[in-house]
Amino acid sequence: MSNKKKILVIQKVHDKGMELINNHPNFHVEVTDDVSVENLKAKIKDCDGASIRIAKLPGEVINEAKNLKIISRHGVGYDNIDLKTAKERDIKIAITANANAVTVAEHVMFVLLNIAKRRELYHTTVKEGNFKDRNKLPKTIEVWKKNFLIMGFGRIGKALIKRCLGFEMNVFVYDPFVDKDTIEKLGGKKVDNLEEAVKTMDVISLHMPLTEKTENLINYDLLKTMKKNCIIINAARGGIIHEEDLDKALNQDLIFGAGIDVFKQEPPENDNPLLKNEKVYLSPHTAAFTDECMTRMGVETIQNIIDYFDDTLEKSKIVRL
């Protein structure tokens, strides 16, 4: 009888990652792109480990896997996994903590500049032959010396602060779990009162998980206290911003604009008001979708599984349940 660990790869990762485990003598690998509950229940039954991308992994699937020890998430979010069941079963969840920080940070700056410089409007004006109307266009805004609030100061937040400082912005950080000294050493200023902090911010960027405490954290009551030139960007998790409240605030000119990469429901329903709001810059949950990052995430997703069974997995990559 083989002593190989059986690994289920739910939704194939980059070829570089697959090579790692396909060529490893200690593992037998099966890949499935059918993410239906019934298929996953059948495939995961005798697996020791699994990797997953954006598919849902509910408790009824996890409970079918009596030997399951590790779930490796292709990314840093893990709200698509039933955490309660994983905790009850003492199944470890690992994330690709090192792969996407720079990529997401770059995306945030890209979105910020697109909104601040009204890229779509200016680009369309020229393309449509209306160059002569340039003096009639609404003015853009600078990011220089503006106040930038990073909400959540993990690896992405730490990568983002370097880029903000490169634009000579004043960076503030809201994260109850990170101490003042750590933030100040990297050039930021810690804020403890979110309600007071947002009143003076020009840009707010979200980098925190979706939890009971963070769900609808950005709501109308908070949005209406922000500056009229404020830009808010969410490349973390849908649901942290109340989408209808954001649409309302934008339509009432309470803030300048928003960049949304993630939605409460993905893909969003056609009647989601943000899809038609011209003050919103949208992307389809692709902040980390560079060639380089997808390679790194694929490799790290698989390496986390290998490291777990070798007892060398970094503790910082294991989610605290």
Side-chain angles (χ1 to χ4, degrees), residues 10-11 35 51-59 61-62 71-88 91-97 99-101 103-105 107-108 111 149-160 173-178 194-195 197-198 204-223 232-247 249 258-269 272-275 280 282-289 297 301 316-321:
I10 303 169
Q11 302 168 304
V35 298
S51 71
I52 192 161
R53 295 183 65 171
I54 62 172
K56 298 286 186 183
L57 198 61
V61 172
I62 295 172
I71 301 168
S72 186
R73 169 75 174 93
H74 186 274
V76 293
Y78 40 85
D79 50 290
N80 57 327
I81 301 169
D82 188 316
L83 302 181
K84 181 175 181 291
T85 303
K87 183 177 182 179
E88 289 172 352
I91 296 169
K92 298 296 185 285
I93 297 174
I95 58 172
T96 53
N100 69 350
T103 313
V104 176
H107 179 84
V108 170
V111 171
L149 177 64
I150 300 174
M151 292 178 58
F153 205 57
R155 289 176 175 85
I156 295 172
K158 291 180 176 70
L160 180 57
V173 175
Y174 174 76
D175 192 325
F177 305 103
V178 180
L194 179 63
E195 289 74 16
V198 299
I204 299 170
S205 190
L206 309 181
H207 302 284
M208 53 181 57
L210 177 63
T211 66
E212 290 182 1
K213 290 184 178 180
T214 63
E215 186 173 11
N216 295 326
L217 180 62
I218 309 299
N219 52 45
Y220 186 76
D221 287 340
L222 197 64
L223 287 160
I232 188 163
I233 300 169
N234 187 7
R237 277 293 178 267
I240 299 174
I241 298 178
H242 190 289
E243 293 171 350
E244 289 77 13
D245 284 2
L246 175 60
D247 180 66
I260 302 295
D261 183 57
V262 290
F263 298 83
K264 184 175 182 179
Q265 178 178 324
E266 295 185 352
E269 296 284 356
N272 186 314
L274 296 181
L275 302 187
V280 183
L282 301 171
S283 52
H285 202 151
T286 52
F289 274 31
M297 282 205 293
T301 299
S316 62
K317 295 185 178 184
I318 299 175
V319 177
R320 295 179 183 176
L321 298 178

*Asks:* Enter the distance from Leu206:CG to Ile156:CD1 here, rounded to the nearest 0.5 Å.
*Replies:* 11.5 Å
*Asks:* With heavy-atom distances below 4.5 Å as the criterion, would you say the side chains of Ser205 and Leu160 are in contact?
*Replies:* yes
*Asks:* Any donor and acceptor pair, going by atom type alone, linking the side chain of Gln11 with main-chain N or O of Ile54 inside 3.5 Å?
*Replies:* yes
*Asks:* With rounding to the nearest 0.5 Å, note down the distance linking CG in Leu222 to CG in Leu217.
*Replies:* 6.5 Å
*Asks:* Testing the basics here: between Gly152 and Met208, what is the closest heavy-atom pair and its distance to 0.1 Å?
*Replies:* N-CE, 4.2 Å
*Asks:* Locate the shortest heavy-atom distance separating Asn100 from Met297; write the atom from each residue and the value.
*Replies:* CB-SD, 4.3 Å
*Asks:* Can you check whether Ser72's main-chain N or O pairs, donor with acceptor, with Thr301's side chain at less than 3.5 Å?
*Replies:* no
*Asks:* May I ask you to test the Leu246-Ile260 pair for a side-chain heavy-atom distance under 4.5 Å?
*Replies:* yes
*Asks:* What is the distance from atom CD1 of Ile241 to atom CG of Asp247, rounded to the nearest 0.5 Å?
*Replies:* 12.0 Å
*Asks:* Might you point out which heavy atoms bring Tyr78 and Ile95 nearest each other, and give the distance in Å?
*Replies:* CD2-CG2, 4.0 Å
*Asks:* Can you measure from CD (Glu266) to CG (Asn80) and round to the nearest 0.5 angstrom?
*Replies:* 10.0 Å
*Asks:* Is there side-chain contact between His285 and Arg237, with at least one heavy-atom pair below 4.5 Å?
*Replies:* yes
*Asks:* Taking C-beta and beyond as the side chain, do Ile52 and Ile71 meet within less than 4.5 Å on heavy atoms?
*Replies:* yes
*Asks:* With the side chain counted from C-beta on, respond yes when Ile204 and Tyr174 share a heavy-atom pair under 4.5 Å apart, and no when they do not.
*Replies:* no
*Asks:* Between Lys213 and Pro176, is there a side-chain heavy-atom distance shorter than 4.5 Å?
*Replies:* no
*Asks:* Decide side chain to side chain contact (heavy atoms under 4.5 Å, CB included) for Leu194 and Leu149; before the verdict, give the C-alpha distance in whole Å, the side-chain angles of both, and the deciding distance to 0.1 Å.
*Replies:* CA-CA 10 Å; Leu194 179 63; Leu149 177 64; 4.1 Å; yes
*Asks:* Among Asn234, Asn272, Asn216, whose side chain to side chain donor-acceptor pair (under 3.5 Å) with Glu243 holds?
*Replies:* Asn272
*Asks:* Specify the closest pair of heavy atoms between Ile240 and Ala236, including all atoms of both residues, with the distance to one decimal.
*Replies:* CD1-CB, 4.1 Å
*Asks:* As an exercise, state the distance from NZ of Lys317 to OG1 of Thr96, rounded to the nearest 0.5 Å.
*Replies:* 8.5 Å
*Asks:* Using a 4.5 Å cut-off on heavy atoms from C-beta on, say whether the side chain of Phe153 contacts that of His207.
*Replies:* no
*Asks:* Which pair of non-hydrogen atoms, one from Ala97 and one from Val76, has the smallest distance, and what is that distance?
*Replies:* CA-CG1, 4.3 Å
*Asks:* Answer yes or no: is there a donor N or O on one side and an acceptor on the other, between the side chain of Arg73 and the main chain of Arg53, under 3.5 Å?
*Replies:* yes
*Asks:* What are the two closest heavy atoms between Ile62 and Ile81, and how far apart are they?
*Replies:* CD1-CG2, 4.2 Å
*Asks:* Could you check if a side-chain atom of Ile218 sits within less than 4.5 angstrom of a side-chain atom of Met151, using non-hydrogen atoms only?
*Replies:* yes
*Asks:* Taking Asp261 for the side chain and Ala287 for the main chain, is one N or O donor matched with an acceptor at less than 3.5 Å?
*Replies:* yes
*Asks:* To the closest 0.5 Å, what do you measure between OG1 (Thr85) and CD1 (Ile91)?
*Replies:* 8.0 Å
